[in-house]
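Everything below concerns the one structure shown next.
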Amino acid sequence: MRVVVTRPRHSGERTIERLTRMGHEAHLLPLAEPVHHVEDARRALLQTQGAIAVTSAEAIRVLAALEPDLSQHLGRPIFAVGKATAKEAAKLGFTDITASEGGGNELAALISSHATDNDGALLLYLAGFPRATGFEAGLTGLQLPFRTVECYRMQDIIPDDATLSQLFVDRPADAVLLYSQLTAQRFFGLSFVQRNQTLLDGIRFLCLSEAIAEAIPVALHPHVAIAGTPDEDRLLALLVAE
């Protein structure tokens with residue numbers, strides 16, 4: 001299949017490699033790139049002592065820039081959304097890692113179930129901007145004290161019309177992989193896509209979660225499929241599920 005990957009370049013290149021090994025023709029279409037705020041993350045770690053929460057592997061990549069100063073924090077509990085983010089934390093050296101199988105709301109519930117282990121200490125949420133609000137709303141609803149520090153910002157990338165024409169007009173893609181609600185909003189907000197939405201009728205949109213699918217225009221919902229759990233293995237499995 002001809003598959004378009006809408007991830008940022010760093011993580012997207014790994015997905016391209018996986019798809020190629022699976023026998024697909026994969027094309028990377030990054031719609032945003034991260035700008036890291038390493039010093040903000042450094043200060044936040046020094047000013048807190050309790051558990052850390054991350055909802056994206058990008059936050060872990062920010063922490064990687066802190067080595068060797070990060071070593072004193074590697075024993076802190078870290079809560080992560082998904083196996084991929086947890087794996088990145090383990091590679092960096094964290095030893096007390098708990099991963100949720102769902103999204104932000106599920107992570108908040110998971111942290112609540114471990115609240116006694118954190119001795120009431122303030123939870124440090126290393127976040128990106130912009131971001132979905134579900135995790136912070138979940139923490140607030142569960143009355144869990146937390147501090148949000150934005151350690152990276154996603155900067156929009158707008159592909160040129162020639163690139164988009166190659167992917168969706170000249171030889172139309174069979175599937176588009178969408179990894180976040182904000183990415184879906186960026187994609188369908190592109191002027192090229194808005195002008196040529198009828199060209200997308202035959203393309204499958206494979207989403208990591210229901211929240212992402214909600215950002216897809218209703219007319220295209222018959223072509224939407226959602227991963228059973230928000231991890232890449234389940235997402236890529238949709239490519240062979242009709």
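All values below come from the heavy atoms of this structure, side chains included, with hydrogens, waters and symmetry mates left out. If you read the sequence from its start, that first residue is 1, and numbering goes on from there.
Nearest heavy atom pair, residue Ala59 against residue Val54, reads CB-CG1, 3.7 Å. Across Ala108 and Leu144, no two heavy atoms sit closer than the pair O-CD1, 3.9 Å. Across all their heavy atoms, Ala41 and Val62 have their closest contact at CB-CG1, 4.0 Å. Across Ala173 and Ile203, no two heavy atoms sit closer than the pair O-CG1, 3.2 Å. Looking at every heavy atom in both residues, Gly134 comes nearest to Asn105 through O-OD1, 3.0 Å. Met1 and Leu239 get closest at one heavy-atom pair: SD-O, 3.3 Å.
Asp40 places no side-chain N or O within 3.5 Å of a backbone atom of Cys151 that could act as its donor or acceptor partner. A donor-acceptor distance shorter than 3.5 angstrom exists from the side chain of Arg204 to the backbone of Leu238, with no hydrogens or angles considered. Side-chain atoms of His223 never come within 3.5 Å of backbone atoms of Phe205 as a donor-acceptor pair (strictly under, hydrogens ignored). Within the 3.5 Å criterion, the main-chain N or O of Gly50 finds a donor-acceptor partner in the side chain of Arg76. No donor-acceptor pair under 3.5 Å is formed between the side chain of Glu88 and the backbone N or O of Thr85. The main-chain N or O of Ala211 is found under 3.5 Å from a side-chain atom of Gln181 such that the two form a donor-acceptor pair. Not one N or O on the side chain of His27 forms a donor-acceptor pair closer than 3.5 Å with the backbone of Arg2.
Using modelled atom types, one finds no donor on one side chain facing an acceptor on the other under 3.5 Å when comparing Arg186 with Thr6.
One distance of note links CD1 of Ile111 with CG of Leu142; it measures 9.5 Å at 0.5 Å rounding. In this structure, the separation between CG on Leu107 and CG on Leu139 is 7.5 Å, given to the nearest 0.5 Å. In this structure, CG in Leu31 is found 9.0 Å from CG in Leu28, a value given to the nearest 0.5 Å.
The aromatic ring centres of Phe168 and Phe187 sit less than 6.0 Å apart.
Comment: Lys87 does not engage Glu232 in a salt bridge, judged by the lack of any side-chain N to carboxylate O separation of less than 4.0 angstrom. Ionic pairing of Glu58 and Arg61 is present here: one or more N-O contacts between side-chain nitrogen and carboxylate oxygen are shorter than 4.0 angstrom. A salt bridge links Arg171 with Glu25: the closest approach of a Lys/Arg side-chain nitrogen to an acidic carboxylate oxygen falls below 4.0 angstrom.
In the displayed structure, Ile158 atom CD1 is contacted under 6.0 Å by at most 12 heavy atoms of other residues, nucleotides or ligands. In the displayed structure, Glu101 atom CD is contacted under 6.0 Å by at most 12 heavy atoms of other residues, nucleotides or ligands.
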Checklist entry - Does the side chain to side chain contact (heavy atoms under 4.5 Å, CB included) test come out yes or no for Val3 and Leu206, once each step is laid out? => result CA-CA 10 Å; Val3 182; Leu206 309 183; over 6 Å; no
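Between Tyr152 and His36, the ring planes are perpendicular. Angles over 60° get that label, and only those under 30° would be called parallel.
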